[in-house]
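None of the values given here were measured: they were computed from a predicted structure. We count ligands from 1, going down the list as the structure has it; atoms in each ligand are counted the same way.
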Amino acid sequence: MTTHLISLWDFNKEELRHYIDRALVLKKEAQEGIRHQQLMGKTVAMIFEKPSTRTRVSFEAAMYAMGGQAIYLSGKDTQLARNEPLKDMARVMSRYVDGLVVRTYGQDIVDELAAYATVPVINALTDLFHPCQILSDIMTVLEVKDQPLEELKIAWVGDGNNMANTWIQAASRLGFELILACPEGYDPDAAILAAARAEATKPITVVRNPKEAIEDADVINCDVWASMGQEDEQEKRLGNFQPYQVNSALLASGKKDLTVLHCLPAHRDEEITDEVLEGPQCVAWDQAENKMHIHKAILEKHILEG
Ligand code: CP
Ligand code: NVA
């Protein structure tokens with residue numbers, strides 16, 4: 001059976017933990033010089049309709065490190081740019097490669113590719129979700145905090161965007177507390193929030209005040225104020241989001257060991273100050289590294305097991 005990774009909703013707690021636990025093992029093994037070639041002879045196509053530094057390179061590096069191959073296709077390089085139907089693309093690509101890693105706009109695009117592909121489709125970011133990123137972010141949290149995930153309180157400050165939506169799914173499935181501070185008009189997706197709350201064992205709360213969100217929090221997350229595809233809103237958002245900047249004044253109101261996450265790319269002195277991004281509480285560089293280890297765990301599971 002083909003198992004896609006297009007939304008965290010498709011996995012239970014144990015399955016989500018598997019990616020993280022396996023990535024921690026693969027990271028340790030890589031540090032010890034242990035190499036695997038489990039994807040020898042396997043190829044993935046990377047269909048990216050939006051820019052990427054980390055996700056693209058860490059997926060490609062993960063494939064090569066495990067003996068496989070990756071073919072990168074930017075949005076403008078395929079016949080999708082000339083309106084070839086997604087269902088045709090999915091079926092043709094399935095005859096050539098062992099998996100599709102897709103970064104695009106609508107979640108409906110990865111849904112349709114997955115409906116027609118006979119090889120696994122992995123969501124490398126849509127407007128709605130960024131599942132691979134949240135798995136590596138949680139892996140990073142577990143490396144830093146000496147506590148079970150279920151005992152941690154995680155805060156999100158800023159836009160209720162694809163990252164926020166995916167944190168909400170993760171909080172619900174993995175059972176940790178999540179509090180989001182978003183400006184009015186920039187809340188996370190209401191349907192995702194409702195579905196998450198319906199099964200959550202810990203509170204998932206949306207507030208307006210960033211200080212309220214980080215009170216007693218163990219981790220604070222931030223992300224750009226204008227995501228890819230929202231460039232024309234950049235100016236307006238700069239004004240609306242200013243009170244949500246993660247800076248030293250905000251951190252001063254939180255716990256001393258508050259850990260700062262940023263998935264990158266960062267806009268210094270917009271959503272996060274240079275001081276905080278470069279400061280001792282920020283683990284953005286570990287998050288970036290961990291993307292490669294998580295991607296190895298994802299590829300191993302989906303490409304080997306189908
Ligand atoms: N965090 C992340 O997805 O980065 P890229 O856009 O560079 O892939
Ligand atoms: N919310 C951001 C995440 C970038 C990794 C975006 O979609 O552009």
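Taking every non-hydrogen atom of Gln133 and a distance limit under 4.0 Å, the qualifying atoms of ligand 1 come out as 1 (N), 2 (C), 3 (O). With ligand atoms numbered from 1 in the order given, ligand 1 contributes 1 (N), 2 (C), 3 (O) to contacts under 4.0 Å with heavy atoms of Lys291. Each of the following atoms of ligand 1 lies closer than 4.0 Å to a heavy atom of Thr53: 5 (P), 7 (O), 8 (O). Atoms of ligand 1 lying under 4.0 Å from any heavy atom of His130, numbered from 1 in the order shown and given with element: 2 (C), 3 (O). Contact atoms of ligand 1 toward Cys263: 1 (N) (distance under 4.0 Å to a heavy atom of the residue).
The aromatic rings of Tyr19 and Phe11 sit perpendicular to each other, their planes meeting at more than 60°, with 30° as the lower class boundary.
Distance from atom 6 (O) of ligand 1 to its nearest protein heavy atom, with residue and atom name: Arg103 NH1, 2.8 Å. Taking atom 3 (C) of ligand 2 as the reference point, the nearest protein heavy-atom neighbour is Asp223 OD2, 3.6 Å. Among all non-hydrogen protein atoms, the one lying nearest atom 8 (O) of ligand 2 is Met228 N, 2.8 Å. For atom 7 (O) of ligand 2, the nearest non-hydrogen atom of the protein is Asn162 ND2, 2.8 Å.
Proximity of a side-chain donor or acceptor of Arg208 to a complementary backbone N or O of Cys182 within less than 3.5 Å is detected. Side-chain N or O atoms of Arg22 include none that pairs as donor or acceptor with a backbone N or O of Ala297 at under 3.5 Å. Without hydrogens or angle criteria, Glu271 side chain to His267 main chain gives a donor-acceptor distance under 3.5 Å. In terms of modelled atom types and a separation under 3.5 Å, the side chain of Thr259 and the main chain of Gln281 share no donor-acceptor contact.
Between Trp156 and Asp223, some side-chain heavy-atom pair lies under the 4.5 Å cut-off. Between His295 and Thr55, some side-chain heavy-atom pair lies under the 4.5 Å cut-off.
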side-chain contact (heavy atoms from CB on, under 4.5 Å) between Glu270 and Arg237, worked out: CA-CA 10 Å; Glu270 289 183 19; Arg237 284 171 174 257; over 6 Å; no
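The shortest N/O to N/O separation between Met228 and ligand 1 does not fall below 3.5 Å. In terms of N/O distances under 3.5 Å, ligand 1 is approached by Leu264. In terms of polar-atom proximity, Arg54 is counted as a contact of ligand 1, with an N or O under 3.5 Å from an N or O of the ligand.
For Lys50, the heavy-atom gap to ligand 1 stays at 4.0 angstrom or more.
Residues Trp225 and Val157 do not share a hydrophobic cluster, clusters being chains of Ile/Leu/Val/Met/Phe/Trp/Tyr side chains in contact below 4.5 Å.
Relative to the six-membered ring of Phe48, Arg56 misses at least one condition, a distance below 6.0 Å or an angle of at most 45° to the axis.
Comparing Ser227, Cys263, Ala164, Ser52 against atom 6 (C) of ligand 2, the shortest heavy-atom distance belongs to Ser227. The closest non-hydrogen atom to atom 4 (C) of ligand 2, taken over Leu125, Asn165, Asn161, Val224, comes from Leu125.
Only the backbone of Leu264 comes within 4.0 Å of ligand 2, counting heavy atoms alone; no side-chain atom from C-beta on gets that close.
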